[in-house]
There are 2 protein chains.
Amino acid sequence: MLEPHRIKHCRQCGSAVDYRIPADDNRERAVCPSCATVHYENPINVVGTVPVWGEQVLLCRRAIEPRHGLWTLPAGFLELGETVEAGALRETVEEAGANVELQELFTVLSVVRVGQVHLFYRARMLDVSLDPGPETLEARLFHEHEVPWDEIAFRTVRETLKHFFDCRRSGHFALHCGDIG
Amino acid sequence: MLEPHRIKHCRQCGSAVDYRIPADDNRERAVCPSCATVHYENPINVVGTVPVWGEQVLLCRRAIEPRHGLWTLPAGFLELGETVEAGALRETVEEAGANVELQELFTVLSVVRVGQVHLFYRARMLDVSLDPGPETLEARLFHEHEVPWDEIAFRTVRETLKHFFDCRRSGHFALHCGDIG
């Protein structure tokens, strides 16, 4: 859950901020009473992939909190200096060491409660070599009937996986936008 | 252009920050030497719509900087507490006062230089009533041959409009992901 009023001090001058609605705005912001800097906070993007090898999808077991020990698709925060696609690829390399080719954007899921938007691309694995990074305990391929549904780390990952298998059954892969309450 | 090292002070305690790579990270962050808060900065989302009425699209002439006086699709920063779809709808109401029904996600464009991701939805106008807000000088409908291509405020808007008219000619609307250098 997002902590309210988590900005206590001005990033520009260090003064304690006030919370008020700036003159040309309609939302409460952290405003510096000394230097007038207005601090905006906006949702951030988590970008990742659904890496596919034949009938199998690649999942990573998390070596970090939150959800240590649970399974996820490779994904992480989009960084400044990279495109959405580059970020999704980077996370796939960092977390799984997988060699993939990015395909279409597949899910865009707003997670309002934590101020995030999760974007997953389908990705074609070019080989089965894996080299999990320090954030991953193990990475392995799963057939649909093997997916550990009760040990999936995040609801956006579950929804993306379900949508993937639904699409594959229907023979048509379509973008899915939605929100996770 | 993104200003480097624009966080000068810790948001938690107000101390002057250092820039260094935290132990479990691989990127330089603003780190507080007093309370150890790590400050992450990530790309933010701009969300908007391509409002369509018959053969025409709706554009808004900007009453604010940057690009005062130039034409844009209704769009703005996604706020905490709303989904991507809700943000796109809100901006369409705030900037144009248009009454629309959201359709498919249509473009996802990374603008790395300024640390933004722009997401546009197609939207069906339900009537022609418009009520531009304070950020808009005027809002009006344009046939393709009337679009003021030399007075478009942002490259993501130009690319989204070009993609829209290309799709309409081809008879098939498809999601376009890309980046604006």
Side-chain angles (χ1 to χ4, degrees), chain A residues 2 4 6-17 24 26-27 30 32 35 37 39-47 64 77-87 90 94 102 104-105 108-117 119 121 133-135 174-181, chain B residues 2 4 6-17 24 26-27 30 32 35 37 39-47 64 77-87 90 94 102 104-105 108-117 119 121 133-135 174-181:
Chain A
L2 279 177
R6 63 182 178 162
I7 298 172
K8 309 290 186 201
H9 291 264
C10 175
R11 73 160 175 255
Q12 204 59 36
C13 74
S15 302
V17 297
D24 56 351
N26 51 24
R27 280 169 198 256
C32 180
C35 75
T37 295
H39 302 75
Y40 299 93
E41 286 194 282
N42 303 85
I44 58 180
N45 293 323
V46 170
V47 295
I64 53 172
F77 292 115
L78 181 64
E79 296 280 359
L80 290 177
E82 67 187 3
T83 64
V84 174
E85 290 80 4
R90 175 182 53 71
E94 283 181 7
L102 221 59
E104 300 84 9
L105 182 59
V108 178
L109 300 168
S110 298
V111 194
V112 169
R113 195 174 41 85
V114 292
Q116 296 177 359
V117 180
L119 301 103
Y121 286 78
E135 300 189 357
L175 175 70
H176 170 55
C177 298
D179 65 290
I180 302 284
Chain B
L2 278 179
R6 63 182 178 160
I7 298 171
K8 311 289 185 200
H9 291 265
C10 174
R11 72 161 175 255
Q12 204 60 34
C13 74
S15 301
V17 297
D24 57 352
N26 52 24
R27 282 169 197 255
C32 180
C35 75
T37 295
H39 302 75
Y40 299 93
E41 286 193 284
N42 302 85
I44 57 180
N45 292 322
V46 170
V47 296
I64 52 170
F77 292 116
L78 181 64
E79 297 280 358
L80 290 176
E82 66 186 6
T83 63
V84 175
E85 289 80 5
R90 176 184 51 73
E94 283 182 7
L102 221 59
E104 300 83 9
L105 183 58
V108 177
L109 301 168
S110 298
V111 194
V112 169
R113 192 173 43 87
V114 293
Q116 296 177 1
V117 180
L119 302 103
Y121 286 76
E135 300 189 357
L175 176 70
H176 170 56
C177 298
D179 64 291
I180 300 286

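Side chains are part of it too, since the values below use all heavy atoms of this structure and drop only hydrogens, waters and symmetry mates. In what follows, chains carry the letters A, B, and so on, assigned in the order in which the sequence lines appear, proteins first and then strands, with residues in each chain numbered from 1.
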Find the one option among [options] whose heavy-atom pairs under 4.5 Å with chain B are most numerous.
options: Leu80(A), Val117(A), Leu119(A); result: Leu80(A)
options: Ala86(A), Gly178(A), Ala30(A), Pro43(A); result: Pro43(A)
options: Val114(A), Asn42(A), Asp24(A), Ile64(A); result: Asn42(A)

Approximate separation, where rounding is to 0.5 Å, of [X] [atom1] and [Y] [atom2]:
X: Asp179(B); Y: Glu85(A); atom1: CG; atom2: CD; answer: 7.0 Å
X: His39(B); Y: Ile7(A); atom1: NE2; atom2: CD1; answer: 9.0 Å
X: Thr37(A); Y: His9(B); atom1: OG1; atom2: NE2; answer: 10.0 Å
X: Ile44(B); Y: Leu78(A); atom1: CD1; atom2: CG; answer: 11.5 Å
X: Lys8(B); Y: Cys35(A); atom1: NZ; atom2: SG; answer: 11.5 Å

Fill in: Option among Leu102(A), Val84(A), Leu105(A) that satisfies the side-chain contact (heavy atoms from CB on, under 4.5 Å) test with Cys177(B)
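The single option meeting the side-chain contact (heavy atoms from CB on, under 4.5 Å) with Cys177(B) is Leu105(A).
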Worksheet item: Under a 4.5 Å cut-off applied to non-hydrogen side-chain atoms, are Thr83(A) and Val112(B) in contact?
Response: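 A side-chain contact exists here, since the closest heavy-atom pair is under 4.5 Å.
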Practice prompt. Please state whether the side chain, the backbone, both or neither of Arg113(A) comes within less than 4.5 Å of a heavy atom of chain B.
Written response: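 For Arg113(A), there is no contact with chain B at all, as no heavy atom is under 4.5 Å.
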Discussion item. Need one label for Leu175(A): side chain, backbone, both or neither, based on atoms under 4.5 Å from any heavy atom in chain B.
Written reply: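 Looking at Leu175(A), just its side chain touches chain B.
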Worksheet entry | Among the listed options Cys10(B), Gly115(B), Cys13(B), the residue most often paired with chain A at heavy-atom distances under 4.5 Å |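 Most pairs with chain A among the choices: Cys13(B).
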Item to complete: Could you tell me whether Phe77(A) atom CZ has more than 12 heavy atoms of other residues or ligands within 6.0 Å of it?
Response: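 No.
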Practice prompt. Using non-hydrogen atoms and a 4.5 Å limit, figure out which bit of Glu94(B) sits close to chain A: side chain, backbone, both or neither.
Written response: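 The side chain, not the backbone.
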Worksheet item: Tell me, side chain or backbone of Leu2(B) under 4.5 Å from chain A's heavy atoms, or both, or neither?
Response: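 Side chain of Leu2(B) only, per the 4.5 Å heavy-atom cut-off to chain A.
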Item to complete: Give the minimum heavy-atom separation between Glu82(B) and Arg27(A), together with the two atoms involved.
Response: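 Closest approach of Glu82(B) to Arg27(A), heavy atoms only: OE1-NH2, 3.9 Å.
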